[in-house]
Amino acid sequence: MRIFLNDESVQCVDSLTLAGLLEQLRMLKPGTAAAVNQTIVPREQWQRHKLCDGDQILLFQAIAGG
């Protein structure tokens, strides 16, 4: 299946979870937040959140500031 990660096309296997994709791409880092199809997915759901063909995933890195 094909998904879009930060607006870049990525080919991946079917039945992949969000956590599985990020582990595979070595992008599973502390402080990372993810949105799938413009909806934030809480980190505790990443292991269960199955990706579908055409999903659009945006990754955000938390930044401390004031």
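Hydrophobic cluster membership for Leu58: Phe60 (Ile, Leu, Val, Met, Phe, Trp, Tyr linked by side-chain heavy atoms under 4.5 Å, directly or transitively). Side-chain heavy-atom separations under 4.5 angstrom define the hydrophobic clusters, and the remaining members of the one that includes Leu59 are Met1, Ile3, Leu5, Val10, Val13, Leu16, Leu18, Leu21, Leu22, Leu25, Met27, Leu28, Val36, Val41, Trp46, Leu51, Ile57.
In this structure, Glu44 places its CD atom where more than 12 heavy-atom neighbours from other residues, nucleotides or ligands lie under 6.0 Å away. Within a 6.0 Å radius of CG in Asp7, other residues, nucleotides and ligands contribute 12 heavy atoms or fewer. Atom CD of Gln38 is surrounded by 12 or fewer heavy atoms from other residues, nucleotides or ligands within 6.0 Å.
Residues Ser9 and Arg2 approach most closely at OG-NH1, 2.6 Å, considering heavy atoms.
No side-chain heavy atom of His49 sits less than 4.5 Å from a side-chain heavy atom of Thr17.
In this structure, the side chain of Asn37 does not engage the main chain of Asp55 through any donor-acceptor pair within 3.5 Å.
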